[in-house]
Amino acid sequence: MSEPVPSGLIEQVRAALGTQYEVERALGAGGMGSVFLGRDLTLDRAVAIKVISPELSTAKSFRARFLQEARTVARLRHPHIVSVY
């Protein structure tokens, strides 16, 4: 992920997540979306928050691909792969 995070996206993510997560900063962006460093306030742990790019979110095919990626990664268990919730 080497593309810049779109301007204003972090504020949109903060608003969408409400009070369960604190979004600290952007980590990077790629072809399908952006990743942020956050904190799950309920469980008091660091999390990576990945969101689909706003311009892709209106396309049903990209939303399906994003969800399929999340489902695939959620099945993986390894110390160097983040868990998906």
Next on the checklist: Keeping Arg77 on the side-chain end and Ala74 on the backbone end, is there a donor-acceptor pair under 3.5 Å?
Outcome noted: yes

Next on the checklist: Keeping Arg39 on the side-chain end and Asp44 on the backbone end, is there a donor-acceptor pair under 3.5 Å?
Outcome noted: yes

Checklist entry - With a cut-off of 6.0 Å (strictly less than), are more than 12 heavy atoms of other residues, nucleotides or ligands near CZ of Arg65? => result no

Next on the checklist: Could you check whether any side-chain heavy atom of Val35 comes within less than 4.5 Å of a side-chain heavy atom of Ile49, counting everything from C-beta outward?
Outcome noted: no

Next on the checklist: Is there a path of hydrophobic side-chain contacts, each under 4.5 Å between heavy atoms, that joins Leu56 and Val51?
Outcome noted: no

Checklist entry - What do the steps show when you test Glu22 against Arg14 for salt bridge (Lys or Arg N to Asp or Glu O under 4.0 Å), and what is the final call? => result CA-CA 7 Å; Glu22 179 179 88; Arg14 285 177 176 144; over 6 Å; no

Item to check | Val13 with Ile52, same ILVMFWY side-chain cluster at under 4.5 Å | outcome: no

Next on the checklist: With heavy-atom distances below 4.5 Å as the criterion, would you say the side chains of Tyr21 and Val47 are in contact?
Outcome noted: yes

Checklist outcome for this item: Shortest non-hydrogen pair, Leu37 vs Leu27, comes out as N-CG, 3.7 Å

Checklist entry - Minimum heavy-atom separation for Ala26 to Ile10, with atom names? => result N-CD1, 4.2 Å

Checklist entry - Does any non-hydrogen side-chain atom of Leu41 lie less than 4.5 Å from one of Thr19? => result no

Next on the checklist: Could you check whether any side-chain heavy atom of Ser34 comes within less than 4.5 Å of a side-chain heavy atom of Pro6, counting everything from C-beta outward?
Outcome noted: yes

Item to check | Heavy-atom check, side chain of Met32 versus side chain of Phe66, under 4.5 Å | outcome: yes

